[in-house]
Amino acid sequence: MTTDFLSHLNPSQRQAVEHFCGPLLVIAGAGSGKTRALTYRIANLVLEHRVDPENILAVTFTNKAAKEMKERIERLFAEREAIREHGKSLESLPGYVQTKLRSHIYKTITKDLWIGTFHALCCRILRFDIEKFQDERGRKWTKAFSIFDESDAQSLVKDIIINQLNLDEKKFDPRSVRYAISNAKNKGLSPQEYEKEQPNFRGRVISNIYSVYQDKLAENNAVDFDDLILIPVLLFRQNEQIRAYWHKRFRHILVDEYQDTNRTQYDLIQLLVTNGESATKFDDWNYRSVFVVGDADQSIYSFRMADFTILMGFQHDFGDGLPDDDTRTMVKLQENYRSTENILQLANELIENNTERIDKILKPTRGQGEPAFCYRAQDEIDEAEFVVQRMRKLEQNNSDLHWGKFAILYRTNAQSRAFEDILVRWGVPYKIVGGLRFYDRKEIKDVLAYLRAIVNPADTISLLRVINTPRRGVGKSTIESLQKASIELGIPLWEIISDETSVKTLAGRSAKGVIAFANIIQKYREMLDAVSANEIVQGVLEDSGYVQDLKAQGTDEAEDRFQNVQELYNAVLQYEEENEDDKSLIGFLASASLASDLDNTPEETTTVSLMTLHSSKGLEFPIVFLVGLEQGLFPSYRSLDDPAAIEEERRLCYVGITRAKERLFISHARERRLYGNREPASPSLFLAEMPRELMDSNTATSIPAKWTKGAAQTKSPILVNHADADADWSVGDRVIHSQFGVGEITNVFGSGTKATLAIRFDGLPGMKRKILPISDRALQSID
DNA sequence: CGTACCATGCTTTTT
DNA sequence: GCATGGTACG
């Protein structure tokens, strides 16, 4: 590697990139160039340290990030080759030479790098090794396994609750049961282990549902998202040989967004790094490294069991555990190359309100910039009007601004509607990023069900989904009798369906339809090994009559669906192009199951982007509108009585602010439609925490007064009644708390049971402010 | 067996 | 206010 290559980096980035063996934690603030550090590091490992690309494993948070990383690495190598071989920059070479160069790089280097999400990488491992795994009840899977998405998993849980166990759906809400199961899996607990932890009846019932759920998954030769990670972990624990193989293979492991890993993912990394030894004792770092990049302040996925204390524990687990100034196993990237100083200061001050974090501030490298602007709207329509009018004005007055430079970020998907209406009215082009997943559409799920049924004969759930889609006259009673036979004989449904004599006796008038269906599945299953994915998809679409049926309907909706099916076919072709070495249908199905809607958003757009704050992570926009800053919406009402959850919401807000490069607009409405009703709304707690001097606003009072640091007004402190929901709190009230002592209310957010109090406690060193839920019974008012 | 209409419950966030 | 799912009827 040439030195000028590394000269693109600041000293901290350089330290991260040049690190070779051993553990390293990189604390990377928003916009601090961490993707650059990651890609350069991989390039440096290969070029400088002669690491075989096969020995490198890089974990990203999204498929899109993985794809980008691959492209950037490929580009780095191509750039270098261009200079070396032709003495010219890549761009100045003729197109065909560029292509040739890139394809050479792909074949010799990037093809062998394992870069992807935990899910995608684990899926790949499982396709090698899942048949060597058996769980403690003897459940087994084959490599043709199906991946059930969240809605598949939930329907399965629901079916078990209602039909298998005859439980009350109201008492055992499928959603929360599924959540409990997911929780258990992310802690690595099997149904039996989970049961031991359950003191009450409800918990034991859930563990029973969990157990049946695993039976059903195995029966269908299917896994859920959690299993994708958990099974490799269990397999590595039970099979030393397999573990040793992957341990030896992945000598250099990189993990991006480490703050959003969960326990199971951590276990996986640890098993791979230490080959099963404990992390603290492991010291054989010859030709081996673990390099994690993250930012505790951007941890926003705890609802998905992500646990940022894993990041905070890295120094203890793998590192030298020394203080920040002396450590050789941690680097902080704090220079921010994205946003103006005003925006960064706003972000820094907001996040300082969190108690659980690694000390870090974003240092500006660009100019002061414009102040942020806060707009108080009457309602969500007014809010959308403001946003759209402001965008139009900016777009008209600045020739360098086009629609692609604007983003509207919100907390919940439901908020997009008002903006869409107004954007349409003013003819502003926009797109919703990461809304309904392409692969969640009904027609797509139908086609995928055909494909899954073909690949995986045990996948009864997919089989049932399409046995009568399109209509073949196979009704409920027919399906029931077929299923009954399958259960009584103890053989998979497919065995019954594919046996003509059985079908004829069981299905009566519908037999013809069932046999026709079985023949289609059978025909393409036989072709699986011989033919590439796209041919099978094309054939299935024809033979099943699915496309014909859509065309026959003649409605706009059907036309739309047809377009989507067409799009799916394109996705298959694209998959084949990108995966020359594995054009199988199995491979495509895996990639489809793990795809998200974010994956296909092109980097360069010419339309306004609308998305949730979660979807915005990792992106940046010159102009950002952060909307709906209202108590109960953002922060979400579900987090109001939980300080840890409020901190996560605050991180989410921090993520939103730090997406902005040049200008930041924030808005909140005084009332808002919720489930069709108008509800009054009060400004978000986070607005109060943003420094006023960095923000303009349309009303003087639109931002609540900043926290005062001066002495509180003295009132004689007398204990009165306990805090209750009806109590009327107001700013300036003196209160006493059993744990924190005497303080003064500095802000009241919301009212009644939804209220949250901000209290400044007297004589609490280091604790400037504390957010307390009103349900906190330890709080009493002083009169 | 398929369709049409009605009721319910929902809003966090997603690989 | 809307999407989903269940029921009643043809």
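Computed over heavy atoms, backbone and side chain alike; hydrogens, waters and symmetry mates excluded. Numbered from 1 within each chain, the chains take letters A, B, ... in sequence-line order.
- N63(A) comes within contact range of no nucleotide atom at all, as no heavy-atom separation falls under 4.0 Å.
- For the pair E150(A) CD and dT13(B) P, the computed distance is 13 Å after rounding to whole Å.
- Figure legend: R651(A) and F308(A) shown as a cation-pi pair, the cationic atom lying under 6.0 angstrom from the six-membered ring centre and within 45 degrees of its axis.
- Distance, L652(A) CG to dT14(B) P: 10 Å, rounded to whole Å.
- Remark: K512(A) NZ is loosely packed, at most 12 non-hydrogen atoms of other residues, nucleotides or ligands lying under 6.0 Å away.
- Ring centers of Y301(A) and F61(A): under 6.0 Å apart, within the cut-off.
- Residue side chain F118(A) fails the stacking definition with respect to dT15(B), as its ring centre and the base's six-membered ring centre are not both under 5.5 angstrom apart and under 30 degrees in plane angle.
- The side chain of K158(A) places an N or O atom within less than 4.0 Å of a non-bridging phosphate oxygen (OP1 or OP2) of dG6(C).
- If you check every strand for non-hydrogen atoms under 4.0 Å, E648(A) touches nothing.
- Distance CG (L610(A)) to P (dT13(B)): 14 Å, rounded to an integer number of Å.
- Q415(A) has its CD atom 16 Å from the C1' atom of dC2(C), to the nearest Å.
- Using a 4.5 Å heavy-atom threshold, the side chains of P232(A) and L268(A) count as touching.
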N/O contacts under 3.5 Å, protein versus nucleotides 8-10 of chain C?
none

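- Computed from coordinates, the R441(A) CZ to dA3(C) C1' distance equals 15 Å when rounded to whole Å.
- Counting to the nearest Å, the P atom of dC2(C) and the CG atom of N677(A) are 13 Å from each other.
- The aromatic rings of F634(A) and F686(A) stand perpendicular to each other, their planes meeting at an angle above 60°, with 30° marking the opposite boundary.
- Separating the C1' atom of dG6(C) from that of dT11(B) is a span of 22 Å, rounded to the nearest Å.
- Sparse packing is recorded around CD of Q548(A), with 12 or fewer heavy atoms of other residues, nucleotides or ligands lying under 6.0 Å away.
- Taking W246(A) as the reference, D129(A) meet the side-chain hydrogen bond (donor to acceptor under 3.5 Å, both in side chains) condition, with sequence neighbours excluded.
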Produce a footprint string for nucleotides 1-11 of chain B: one letter per nucleotide, 5' end first; B if the base is under 4.0 Å from any protein heavy atom, S if only the sugar-phosphate is, - if neither. SSS-----SBB
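- Ring geometry for W114(A) against F128(A) counts as parallel: the plane angle stays under 30°, on a 0 to 90° scale with 60° as the upper cut.
- By the 6.0 Å contact criterion, NZ on K442(A) is enclosed, its count of non-hydrogen atoms from other residues, nucleotides or ligands being greater than 12.
- Distance from the side chain of T612(A) is smallest for dT13(B) among the nucleotides dG1(C), dT15(B), dT13(B).
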